[in-house]
Every structure is written in C-alpha cells, then in structure tokens.
Amino acid sequence: RVFEMAAQRDAVAIVLDVGPSASSAGPQMASFLQNAVRVVNLLVQQRLFASGKDEFALILFGTPGTDNPLYQDDGSGNYSHVTIARDLGVADLDFVRYLNGQITPGNSDADCIKLVCMCVSLLSSPLASSSVLSSALLLSMSASGVCEESIHYCKRQTLVALTDL
C-alpha cells in the first residue's frame, strides 16, 4: 500500500499565451510572455527536482500554426492557433530546455474558452494514467483582445449560475 502512494503523481496542463498582446512590452521591460515563461520554468524545475514524477503538458495559444487533436481543417476556425507543444508526460531536462529557448511569440489570437475545454479533455484522457493523484490547469494569459471578452462572458455566466442556486 505504501508503494502505491509513492507511485502517485500530479498532472499539470500549462497553458501559455504567446499571442501578440502577451509578447508586447515597453522599452526595457520584460513582456508578459517572458515573465510567464520564467515562472513556469521555475515551477517545472522545482517539481522535477523535488519529486521527479509529476506529469506536465504544455499548450501554447496564439501560435501561427495549429497542432492539436480537436482541430479540424473545415474552415470553421475551431481550436485554431493552439499548439500542444508537449503531451502529458513526466518532466525532464529536455522539457526545461524547451521552456528556456524554444517558446517564441506568435501573431494570432485563439478562443480561450475552447482552449480550456481542450485542456480539460487532455487532462481527463486515457493518457493521464490512473496513478495521477490530482490534475491542475495553469493558465497564463494576458487577458486582452479576444480572450478578454470571453473571460468577462464566463464571469457573468458563473455569477448567474451561482445566483440561481
């Protein structure tokens, strides 16, 4: 029984906004994207060296291209400009290196509500093994442009739902 507890780990889907609003910055200032990557990098390093068993996925939105299982090239634009840069898997040094030098600013916006749905689907997929103790979604976005309207809509709908209880 002790062995079973030791084998359990957390699954974390990290979502980074790499779109135009996240990558813009004033003179001599770090952009939102640069700061977010720095924080995510520290989190992954801490989890890597503390337990070495936690699983991470990295989803980028606002990318010029699209690479995710929910996208269909039917002209609808659903789930476009969202790239799964790393499938759910145990953190390793290659992942840390990717965070340090492979994330580049994008030039597109994405629907953040559909993005969250995709992340929930990813975390609840069969790829997330039964030994996962808990799942978390770390969403880092600049909250401007298309996403800002979606966030305000979500807040209003949540308040309406809570009021109806």
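Note that the structure is a prediction, hence the values are computed from the model and not measured.
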At their closest point, which heavy atom of D17 faces which heavy atom of A22, and how far apart are they? O-CB, 3.2 Å
Determine the minimum heavy-atom distance between L16 and A36, stating which atoms define it. CD2-CB, 3.9 Å
Of T104, T83, T63, which is the lone residue that meets side-chain contact (heavy atoms from CB on, under 4.5 Å) with V18? T63
All heavy atoms of L58 vs all of Y98, minimum pair found to be CD2-CE2, 3.6 Å
Where the side chain of D54 meets the backbone of D10, is there a donor-acceptor pair that is under 3.5 Å apart? yes
Would a hydrophobic clustering, with Ile, Leu, Val, Met, Phe, Trp and Tyr connected at side-chain separations under 4.5 Å, put M29 with V39? no
Taking salt bridge (charged side-chain N to carboxylate O under 4.0 Å, His left out) as the definition, give me every residue that meets it alongside R97, ordered by chain and number, with sequence neighbours left out. D94
With R86, which residues qualify under salt bridge (charged side-chain N to carboxylate O under 4.0 Å, His left out), at least two apart? D92
Counterpart residues, side-chain hydrogen bond (donor to acceptor under 3.5 Å, both in side chains), relative to Q45 (two or more places apart): N41
Could you tell me which non-hydrogen atom of L60 sits nearest to which non-hydrogen atom of A85, and how far apart they are? CD1-CB, 4.0 Å
Where T66 and Y71 come nearest, the two heavy atoms and their spacing: CG2-CG, 3.4 Å
Listed by chain and number, what are the side chain to side chain contact (heavy atoms under 4.5 Å, CB included) partners of N35, not counting sequence neighbours? A30, R38
List the residues meeting side-chain hydrogen bond (donor to acceptor under 3.5 Å, both in side chains) with N107, not counting sequence neighbours, and say none if there are none. none
Test side-chain hydrogen bond (donor to acceptor under 3.5 Å, both in side chains) applied to S108 - qualifying residues, sequence neighbours left out: H81
F56 and side-chain contact (heavy atoms from CB on, under 4.5 Å): which single residue from V90, L88, V44 fits? V44
Which heavy atom of G106 sits nearest to which heavy atom of P64, and what is that distance? CA-CD, 4.1 Å
Hey, what do you get for CZ (F95) to CG (N100), rounding to the nearest 0.5 Å? 10.5 Å
Please answer: with hydrophobic residues joined when any side-chain heavy atoms are less than 4.5 Å apart, are V96 and V12 in the same cluster? yes
If only atom types and distance count, is the side chain of N68 paired as donor or acceptor with the main-chain N or O of V82 below 3.5 Å? yes
State, yes or no, whether a side-chain contact exists between L99 and I14 at a heavy-atom distance under 4.5 Å. no
